[in-house]
Number of protein chains: 2
Amino acid sequence: MNTDLLLQHISKHISLTGEEEDILKSVLHSKKIKKKHFLLQEGEVNKTATFVTSGILRIYSIDKNGFEHILQFAPPGWWIGDMKSAITQQPATLNIDAIEDTEIIWISKEDLEKLYAAVPKFERFFRILAENSIASYQQRLVNNLSLSAAERYDNFCKLYPSLVQNLPQKQVASYIGVTPEFLSKMLSNLSEKK
Amino acid sequence: MNTDLLLQHISKHISLTGEEEDILKSVLHSKKIKKKHFLLQEGEVNKTATFVTSGILRIYSIDKNGFEHILQFAPPGWWIGDMKSAITQQPATLNIDAIEDTEIIWISKEDLEKLYAAVPKFERFFRILAENSIASYQQRLVNNLSLSAAERYDNFCKLYPSLVQNLPQKQVASYIGVTPEFLSKMLSNLSEKK
DNA sequence: AAATATTCTTAATCTACATTAAGTCCGCCC
DNA sequence: GGGCGGACTTAATGTAGATTAAGAATATTT
C-alpha cells in the first residue's frame, strides 16, 4: 500500500510523530475498484472514510426518472463519502463508483473512532477537512442558484482543468446540472462564436 | 448573556467538566442584531463563529443582477458563517443579515484556536458539527439538481415547518431557487387543486 | 476485425420557470 | 390617519434548457 499521498496530504494540516504515523498506518487498508464498479450503492451503509490514491471516483444520486446527478468527483488526493449515511449508519441515498480503475485507502468507522481516541490531533485534521468541504459546498450551491449553464461550465473548467480533459462530456453535464444534449449544443455554439 | 441553549447544544456531542465550561464561557460574547441589519457583508472578513440564540439570520449571495440567493436560515440553535472567508480570512462573498431582531453568541477566530488548544474536545465538537453540515449540503445539492420547484418547496416545508409560517414568501422563494412570482402562482395552483 | 455498446452531435419540438408590468393589500412610520 | 414602501397576486409574453429521436463517431468486448 502506498501511503505517500495520504501522509503528504495530512501533513499539510497537522504534523505527526513517527509513533502517531504508525498508529495511523495500523488502521489503513487499501482496495482497488475497477472502472464502473461500485464502492457504495444506494441502500448500503457507508462504513468507511475513503481517500483516493489513483484513478477517479464519483458520488451521485439517481432521481426517480433514473437520471444521475453528480455531487463530486474525487481524483487522487480527495476524500469522498455519503456523509449522512456515514454519520447515521443508515442506508445511503448516494452511489459511489469508479470512472477509471481506482485505488483507495480506507479506514473503518470503528477504527476512526479509535484513532481519534489515540491521537486527538486527527479530530483536528478531519475538522479542517470538513470545514474546507463546507466552503466548497457553499460555493457550489451559490453557483447552482445564481449562474447560467455556460457560466457553471466555465467555472468547472477553471476549478478542475485536468478533469475536463479526461472526463466524458456527459459526466461534466451531470455535474453542472444540464443534459448531455444541451452541453453539446452549448459547446458547439461557443466554439463557432470565435 | 444566556448560554443555556449553546451549552445544551454542545452537550449533545461532547461532555464538559465545570472547568472546561468556564474556559468556554471566557471566550463567549453576545450581540444583538436588529431586523435588516448586517452581521457580515460581502467584502468584509468573517472573523467569528456565530451561534444564534434568538431570532433568525440568513446567509445569501447577491448575483450580478442584484438578485439574492439564500443558502441557509439560522433559527435559534444553529451556527452560521461564510466558511471560505472564515478559513482563508479573505473578504466574504456572502452576506449575513437578520430577518428578525436576533441575538447571537460569537467566538473570535483567535479565541477559537485558543479554545482548541486548551480543550481539544472542541476540535471534536466542531468536527461533528461540520460533518453534519456537509450532510445537509449534500442533501440540498441533490434536491436542487434533481427536484422540481414544487418538490423543493414540499421538502422545505417538511424540513423547516416553523419557518414556513413565519417567513415572508419571497424568502422561501429565494431559498428554493425560484422567483417570488412563480412561487405565488405555484401555491395558488396547488390550493385550487384541492 | 467484427460486433456491440457507449458517447457525441444535430435538430425539431416542448415546458418549467423567468421577465415584465400592473394592480392589490397590508404594515409601519411621520 | 394618511401616505408609502414592501409583500403578494395575476397575467401576458419570453427563453433557457429538457425531451425526443435519429444518425455519426468512438470505445470496448469478443
Side-chain angles (χ1 to χ4, degrees), chain A residues 33-37 55-56 58 60-70 73 97-102 143-157 163-193, chain B residues 34-37 56 58 60 62-70 73 97-101 143-157 163-193:
Chain A
I33 301 130
K34 284 212 169 297
K35 183 170 177 167
K36 293 191 185 178
H37 286 220
I56 306 183
R58 74 212 253 256
Y60 59 99
S61 77
I62 301 180
D63 69 26
K64 60 174 188 287
N65 302 315
F67 292 106
E68 298 173 355
H69 304 276
I70 299 177
F73 297 104
D97 67 13
I99 289 180
E100 313 171 350
D101 288 1
T102 296
N143 290 346
N144 276 293
L145 290 172
S146 61
L147 301 182
S148 68
E151 290 168 320
R152 294 198 306 272
Y153 180 76
D154 253 36
N155 240 281
F156 181 81
C157 294
L163 285 187
V164 181
Q165 307 302 324
N166 302 324
L167 236 44
Q169 226 174 74
K170 61 173 288 200
Q171 308 275 11
V172 178
S174 167
Y175 181 94
I176 67 174
V178 296
T179 57
E181 293 84 356
F182 184 73
L183 178 56
S184 169
K185 190 167 108 189
M186 210 176 75
L187 292 178
S188 74
N189 284 349
L190 277 181
S191 64
E192 89 188 14
K193 269 186 192 156
Chain B
K34 284 211 167 298
K35 184 170 175 167
K36 293 191 184 176
H37 286 219
I56 306 183
R58 73 211 252 255
Y60 59 98
I62 301 180
D63 69 25
K64 60 174 189 286
N65 302 315
F67 291 106
E68 298 174 356
H69 304 277
I70 299 177
F73 296 103
D97 67 12
I99 289 179
E100 314 170 351
D101 289 2
N143 290 346
N144 276 292
L145 289 171
S146 61
L147 301 183
S148 69
E151 291 168 320
R152 293 196 307 271
Y153 179 77
D154 253 34
N155 241 280
F156 180 80
C157 293
L163 285 187
V164 181
Q165 307 304 324
N166 302 323
L167 235 45
Q169 227 175 73
K170 61 174 289 201
Q171 308 276 9
V172 177
S174 167
Y175 181 95
I176 67 175
V178 295
T179 56
E181 292 84 357
F182 185 73
L183 179 55
S184 169
K185 191 166 105 188
M186 211 175 76
L187 292 179
S188 73
N189 284 350
L190 276 182
S191 64
E192 88 189 16
K193 269 185 193 158

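Here is how names work: the chains are called A, B, and so on, in the same order as the sequence lines, proteins then strands, and each is numbered from 1. In this text the structure is predicted, and so the values were computed from the model without any measurement. Side chains are part of it too, since the values below use all heavy atoms of this structure and drop only hydrogens, waters and symmetry mates.
Rounded to the nearest 0.5 angstrom, B:Arg152 CZ and B:Met186 CE are separated by 8.5 Å. Here B:Asn166 contributes atom CG and B:Phe73 contributes atom CZ; the two are 11.5 Å apart, rounded to the nearest 0.5 Å.
Put simply, A:Ser148 has no side-chain N or O that comes within less than 4.0 Å of OP1 or OP2 on D:dA16.
Contact detail for B:Glu151 and B:Ser148: the closest heavy-atom pair is OE1-N, 2.8 Å. Here the closest non-hydrogen pair linking A:Ser184 and A:Gln169 is CA-OE1, 3.8 Å. When all heavy atoms are compared, the tightest approach of A:Ile99 to A:Lys35 is O-CG, 3.4 Å.
Looking only at distances, no side-chain donor or acceptor of B:Asn65 sits under 3.5 Å from a matching main-chain atom of B:Phe67. Between the side chain of B:His69 and the backbone N or O of A:Ser146 there is no donor-acceptor pair closer than 3.5 Å.
Distance CG (B:Leu183) to P (D:dT10): 13 Å, rounded to an integer number of Å. With rounding to whole Å, A:Phe67 atom CZ is found 10 Å from D:dA18 atom P. Between the P atom of C:dT19 and the CZ atom of B:Phe182 lies a distance of 13 Å, rounded to the nearest Å. If you take CG of A:Asn189 and C1' of D:dT15, they are 14 Å apart, rounded to a whole angstrom. Atom CE of A:Met186 is separated from atom C1' of D:dT15 by 16 Å (rounded to the nearest Å). Computed from coordinates, the A:Ile99 CD1 to C:dT7 P distance equals 11 Å when rounded to whole Å. C:dC17 atom C1' lies 17 Å from atom OH of B:Tyr153, rounded to whole Å. Between the C1' atom of C:dT13 and the NZ atom of A:Lys185 lies a distance of 11 Å, rounded to the nearest Å.
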Enumerate donor-acceptor pairs with a distance under 3.5 Å from any side-chain N or O in residues 171-182 of chain A to protein atoms, sequence neighbours excluded.
unit_1: A:Gln171; atom_1: OE1; unit_2: A:Arg58; atom_2: NE; d: 3.1
unit_1: A:Gln171; atom_1: OE1; unit_2: A:Arg58; atom_2: NH2; d: 3.4
unit_1: A:Ser174; atom_1: OG; unit_2: A:Glu68; atom_2: O; d: 3.1
unit_1: A:Ser174; atom_1: OG; unit_2: A:Ile70; atom_2: N; d: 3.1
unit_1: A:Thr179; atom_1: OG1; unit_2: A:Phe182; atom_2: N; d: 3.2

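Listed by chain and number, the residues in a side-chain contact (heavy atoms from CB on, under 4.5 Å) with A:Asn155 are A:Asn143, A:Leu147 (sequence neighbours excluded). B:Lys36 pairs by the salt bridge (Lys or Arg N to Asp or Glu O under 4.0 Å) definition with nothing, not counting sequence neighbours.
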Between the protein and nucleotides 21-30 of chain D, list the N/O to N/O atom pairs that are separated by less than 3.5 angstrom.
unit_1: D:dT28; atom_1: OP1; unit_2: A:Lys35; atom_2: NZ; d: 2.9

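An angle of 60°, rounded to 10°, separates the two end axes of the helix from C:dA1-D:dT30 to C:dC30-D:dG1, each defined over five pairs.
Residues from residues 163-180 of chain A lying near DNA chain D, meaning a heavy-atom separation below 4.0 Å, are A:Gly177, A:Val178, A:Thr179 in numerical order.
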